[in-house]
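Have a look at the structure below, then the notes.
Not measured: the values here are computed from a predicted model.
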Amino acid sequence: MDNDPVSRQMEVIRRGAVEIIPERELEEKLRSALAAGRPLRVKYGADPSAPDIHLGHTVPLSKLRQFQDLGHLVVFIIGDFTALVGDPSGRSKTRRRLSPEEVKENALTYQEQVFKILDRDRTEVVYNSRWLSPLTFPEIVDLAARATVARMLERDDFGKRYREGKPISVLEFLYPLMQGYDSVAVRADVELGGTDQTFNLLLAREIQREYGQPPQVIVTLPLLEGTDGVQKMSKSLGNYIGISEPARDIFGKVMSISDDLMWRYYELLSRLPAGEIAGGKEECRSGANPIAWKKKLAWELAARFAGTAAAAEAGAYFEEVHQKKEIPEDMPEVVLEEKDLSAGTVPVIELLRLSGLVPSNAEARRKIAEGAVSYDGEKINEHGAEVRVKDGGVLRLGKRKFRRIRLEPPPEKN
RNA sequence: GGGGAGAUACCGAAGUGGCCAAACGGGGCAGACUGUAAAUCUGCUGGCUAUGCCUUCGGAGGUUCGAAUCCUCCUCUCCCCA
């Protein structure tokens, strides 16, 4: 590569991105920004409906960080307006509207987590209600006039739902417009998003043009599959790994992904040099047990988000509990009070419920029938069994769920 | 505005008076096997003070000894015509 600073920046930006539309424009923007000594304004929007940031979000966030490291400014938009309206998209018909308090709270949690990755000093955090709320109906009409239904139906999920006879509300058509208007409001030079955002990002270019602004360049990034390896990572599907989860959980969840998915995660999340990753992949293809590589990845991610000490502990915990199949040292504890006991025993079903391992008595019965329940190493097969508990005893459900039972000392008489 | 189709458990989808807590598939959970991988096989998958009882088939009423199934009204969705 040559020494042209613009080419060097382009190279960094291009790495891992799916598309840059259009590349030429980005080069020009970088060049003029450099010449003028001003940073590019790189927009990224987040909807504060679910406050937990997971690995899927970190793909674009890391790219944003790279922009920051290249000297640019990130404009982080919190879609509080959007959240208040209640996004009806997808098939989740029951997605409820959030209260202003919830939005505020989520937004704060969000920021807290986002700055695990982003550089606070090069980030401008803005709420889109600031400019969306004051819009008047005539202004909205004016905005709505800029897009056609046919254009909207080009968007994959709209088109698909339309063909399948699934409902699409007019409100949903408004979303891309609002998002586009955000770009106008913050005068975005570049916007980042997942590939599922391509349509919205492109439409924003048109809207900016309509409002007399130079259109933003869009950079799309791959969507990370969730731990199931099929659907994109999302909180609502429960296939996510949150960046604020305890190291053990991050470690454990990574260990449970499939081998194929592991390499995908390496490519999208790991900071190891590409060559090293390719080497590992090759090694495993020729017969090596992938578990070593999986641990390496689990360690890297746990360390990045929970710290190296916690990651090391999580790794040790994993080996002890899951590989050597020993009972872990620490586990959640459940305190039984005297009133829970009768003559030192508790019905198993009660015990399972009190420990929060099952949601209902019926579920407790099923798990017992399945042979999944044991106390201090003894399998319990009778759902009517009375368990003689002792302080420190271990209740176990399945392979991975443990609860240490604590007995509350009898109240002292005075 | 007119005509037609539809709403079933986490999701998809059968069921059209009692044998329906509701087939089947997916997902999920558990068991076996394993590397907490994949694949495969097996079981479970509304609740309860439990051989019974209660809640659940869009909502509210009604018919009936008995309703997811029949009737009335309502809400929502899709398609066609205007």
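Look at A:Asn361 and you'll find a side-chain N or O under 4.0 angstrom from OP1 or OP2 of B:rU49. Taking side-chain N and O atoms only, A:Ser360 has a distance below 4.0 Å to OP1 or OP2 of B:rG47.
A gap of 15 Å separates the C1' atoms of B:rA7 and B:rU16, to the nearest Å. Between the C1' atoms of B:rC57 and B:rC70, the separation comes to 16 Å (whole Å). Nucleotides B:rC44 and B:rC54 have their P atoms positioned 25 Å apart, rounded to a whole Å. Separating the C1' atom of B:rA14 from that of B:rU63 is a span of 26 Å, rounded to the nearest Å. For the C1' atoms, the distance from B:rG58 to B:rC65 is 28 Å, rounded to whole Å. Atom P of B:rG1 sits at a distance of 45 Å from the matching atom of B:rG25, rounded to the whole Å. Between the P atoms of B:rU55 and B:rA60, the separation comes to 13 Å (whole Å). Straight-line distance between the P atoms of B:rA5 and B:rC53: roughly 39 Å, to the nearest whole Å.
The distance from atom CG of A:Asn289 to atom P of B:rA37 is 11 Å, rounded to the nearest whole Å. Rounded to an integer number of Å, the gap from NZ of A:Lys367 to P of B:rU42 is 17 Å. One can place CG of A:Leu357 at 13 Å from C1' of B:rC29, the figure rounded to the nearest angstrom. Regarding A:Ile168, its CD1 atom lies at a distance of 13 Å from the P atom of B:rU77, rounded to whole Å. Atom CZ in A:Arg161 sits roughly 13 Å away from atom P in B:rG12 (whole-Å rounding). Look at CG on A:Leu352: it is 14 Å from P on B:rG47, rounded to the nearest Å. Computed from coordinates, the A:Gln231 CD to B:rG27 C1' distance equals 9 Å when rounded to whole Å. Taking atom CD1 on A:Ile368 and atom C1' on B:rA50, their separation rounds to 14 Å, with Å as the unit.
With a cut-off of 3.5 Å on both pairing distances, the Watson-Crick or G-U wobble partner of B:rA5 is B:rU77. Across all strands shown, B:rA13 remains unpaired; no Watson-Crick or G-U wobble contact has both distances below 3.5 Å. Base-pair partner of B:rU56: not found among the strands shown (Watson-Crick or G-U wobble, both distances under 3.5 Å). Applying the Watson-Crick and G-U wobble criteria (two distances, each under 3.5 Å), B:rU40 pairs with B:rA32. With a cut-off of 3.5 Å on both Watson-Crick or G-U wobble distances, the partner of B:rG27 is given as B:rU45.
Nucleic acid contact class of A:Leu261 (heavy atoms, under 4.0 Å, all strands): none. Residue A:Gly398 is in sugar-phosphate contact alone, with no base atom involved, counting any heavy-atom pair closer than 4.0 Å across all strands shown. Base engagement by A:Arg365 is indicated by at least one non-hydrogen atom pair under 4.0 Å involving a base atom. Using a 4.0 Å heavy-atom criterion, one finds that A:Arg366 contacts the sugar-phosphate atoms exclusively. Within 4.0 Å (heavy atoms only), A:Arg353 reaches sugar-phosphate atoms of the nucleic acid but no base atom.
Using a 4.0 Å cut-off between a side-chain N of Lys or Arg and a carboxylate O of Asp or Glu, A:Arg24 and A:Glu27 do not qualify as a salt bridge.
Using a distance-only test at 3.5 Å, with no hydrogens or angles considered, no donor-acceptor pair links the side chain of A:Thr58 to the main chain of A:His54. No donor-acceptor pair under 3.5 Å is formed between the side chain of A:Arg404 and the backbone N or O of A:Met331.
The aromatic ring centroids of A:Phe158 and A:Phe173 lie less than 6.0 Å from each other. In summary, the aromatic rings of A:Tyr317 and A:Phe251 are positioned with their centroids too far apart to meet the 6.0 Å limit.
Of the residues near RNA chain B, A:Lys401 and A:Ala362, the one whose nearest nucleotide (by heavy atom distance) lies more toward the 5' end is A:Lys401.
You'll find a donor-acceptor pair under 3.5 Å spanning the side chain of A:Glu370 and the base of B:rG43, going by distance alone. Judged by atom type and distance alone, A:Asp228 does not reach the base of B:rG27 through any side-chain donor-acceptor pair under 3.5 Å.
Geometric assessment of A:Arg130 against the ring of A:Phe81 yields a negative cation-pi assignment under the 6.0 Å and 45° thresholds.
Considering only side-chain atoms of A:Glu363, the nucleotide from B:rC29, B:rG31, B:rG35 that sits closest is B:rC29. Closest approach to the A:Tyr162 side chain among B:rC79, B:rA30, B:rA37 is made by B:rC79 (side chain taken as heavy atoms from C-beta onward).
Between A:Trp263 and A:Trp293, the ring planes lie tilted relative to each other; the angle falls in the 30° to 60° range.
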